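Values below: all heavy atoms of this structure, side chains included; hydrogens, waters and symmetry mates excluded. For clarity, every value in this text was computed on a predicted model and none was experimentally measured.
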Amino acid sequence: MLKRGSIVLSIWSGINFLLAALILTSVVIFNANSPLLVMVFEKSEIASLDAKVIASLNALTILYNSCSVVLSVLVWLIIRKSLIAGQKWAFWVLLFVIGFVEVMAFIASAPIGNARWQLYVVLSVLYVVGMGLAGYSIFKRKT
């Protein structure tokens, strides 16, 4: 069960890493605008936005996705090195850190019509299943 939980959490980490890296690459390397622009605004609304507003949204996109890439790598390392070894501290750290990120994702997207809610639901399910399997294995009573 611990191995399965670790695999599910690694999938969470991989999806998070991949999406953040793709968005970061598109905005930084290919000079694209934040994907939130197209998800939240109509084309006519985007055209009427001030350049500073678009630049600010792009800057926040770069900041968030940079943090998301690094968090995904750190979470993956904790999963592969410590959680899989059954260390309780790793379980509690992952429970708090990933849980915090998942809750904040829903809160942050609420004012913009819950853009990307489907992704957040999938990631939350992976988190709950992975933590459930890992927690059961780590904390079950040995008889």
Side-chain angles (χ1 to χ4, degrees), residues 1-43 45-46 49-143:
M1 291 276 233
L2 184 57
K3 186 173 183 177
R4 288 184 186 146
S6 296
I7 289 170
V8 172
L9 289 171
S10 293
I11 292 169
W12 178 92
S13 178
I15 290 171
N16 227 20
F17 176 85
L18 183 63
L19 290 174
L22 287 172
I23 292 169
L24 199 56
T25 301
S26 72
V27 174
V28 172
I29 303 214
F30 297 112
N31 247 358
N33 285 324
S34 172
L36 280 176
L37 277 171
V38 225
M39 295 171 77
V40 175
F41 299 105
E42 299 293 327
K43 287 185 180 183
E45 292 175 316
I46 294 172
L49 289 175
D50 187 60
K52 289 182 181 180
V53 172
I54 295 173
S56 297
L57 188 56
N58 287 339
L60 290 172
T61 298
I62 292 168
L63 179 63
Y64 167 78
N65 286 288
S66 298
C67 292
S68 189
V69 164
V70 172
L71 176 74
S72 298
V73 171
L74 292 175
V75 161
W76 183 79
L77 286 172
I78 290 173
I79 293 166
R80 303 308 300 162
K81 299 291 181 187
S82 300
L83 184 68
I84 198 77
Q87 295 182 4
K88 290 179 181 178
W89 72 265
F91 173 82
W92 292 113
V93 165
L94 293 172
L95 182 73
F96 175 74
V97 169
I98 299 174
F100 182 77
V101 168
E102 291 301 313
V103 168
M104 289 300 120
F106 282 103
I107 291 172
S109 68
I112 55 172
N114 289 309
R116 297 174 29 168
W117 69 267
Q118 300 91 338
L119 171 66
Y120 299 142
V121 168
V122 169
L123 289 174
S124 293
V125 167
L126 288 171
Y127 162 68
V128 169
V129 169
M131 292 307 295
L133 291 170
Y136 177 78
S137 298
I138 291 173
F139 296 106
K140 73 179 177 185
R141 294 178 191 240
K142 306 225 184 236
T143 54

Pick one: which of I98, N16, I11 meets side chain to side chain contact (heavy atoms under 4.5 Å, CB included) with L123? N16

Side chain to side chain contact (heavy atoms under 4.5 Å, CB included), paired with S137, selected from R4, M1, K3: M1

Applying side-chain hydrogen bond (donor to acceptor under 3.5 Å, both in side chains), run through Q87 and W92 and close with a yes or a no. CA-CA 9 Å; Q87 295 182 4; W92 292 113; over 6 Å; no

Any donor-acceptor pair under 3.5 Å linking the side chain of N58 with the backbone of S34? yes

Assess whether side chain to side chain contact (heavy atoms under 4.5 Å, CB included) is satisfied between M131 and Y136, documenting all intermediate values. CA-CA 8 Å; M131 292 307 295; Y136 177 78; over 6 Å; no

I'd like to know if the side chain of S26 reaches the main chain of A32, judged simply by a donor and an acceptor atom lying under 3.5 Å from each other, with no hydrogens or angles considered. no

Could you walk me through whether L126 and L9 pass the side chain to side chain contact (heavy atoms under 4.5 Å, CB included) test, one step at a time? CA-CA 7 Å; L126 288 171; L9 289 171; over 6 Å; no

Roughly how far, to the nearest 0.5 Å, is the CE atom of M104 from the OG atom of S109? 11.5 Å

Please name the pair of heavy atoms, one in A134 and one in L83, separated by the smallest distance, quoted to 0.1 Å. CB-CD2, 4.0 Å

Kindly check if the number of other-residue, nucleotide or ligand heavy atoms within 6.0 Å of CD (E42) is above 12? no

Does the side chain to side chain contact (heavy atoms under 4.5 Å, CB included) test come out yes or no for D50 and V53, once each step is laid out? CA-CA 5 Å; D50 187 60; V53 172; 4.1 Å; yes

Nearest non-hydrogen partners of F106 and S124, listed with the distance: CE1-OG, 3.3 Å

For I46 and L37 the tightest heavy-atom approach is CD1-O, 3.6 Å

Nearest-0.5 Å distance that lies between atom OH in Y64 and atom CG in L57: 13.5 Å

Keeping the roles fixed (side chain from Y127, backbone from L95), state whether a donor-acceptor pair exists under 3.5 Å. yes

Hey, what do you get for NZ (K81) to CD1 (I78), rounding to the nearest 0.5 Å? 12.5 Å

Search all heavy atoms of S10 against all heavy atoms of I79 and return the closest pair with its distance. OG-CG2, 3.5 Å

Does the side chain to side chain contact (heavy atoms under 4.5 Å, CB included) test come out yes or no for L119 and I15, once each step is laid out? CA-CA 10 Å; L119 171 66; I15 290 171; 4.3 Å; yes

Are L2 and I138 side-chain neighbours, meaning at least one heavy-atom pair lies under 4.5 Å? yes

Between A115 and Y120, what is the shortest heavy-atom contact and its length? O-CE1, 3.5 Å

Test of ring centre spacing under 6.0 Å for W89 and F96: no

About how many Å separate OG of S13 and CG of L77, when rounded to the nearest 0.5 Å? 8.5 Å

CG of L24 to SG of C67: how many Å apart, nearest 0.5 Å? 10.0 Å

Side-chain heavy-atom pair V27, N33 within 4.5 angstrom cut-off: no

Nearest heavy-atom contact between G135 and F91 is CA-CE1, 3.4 Å

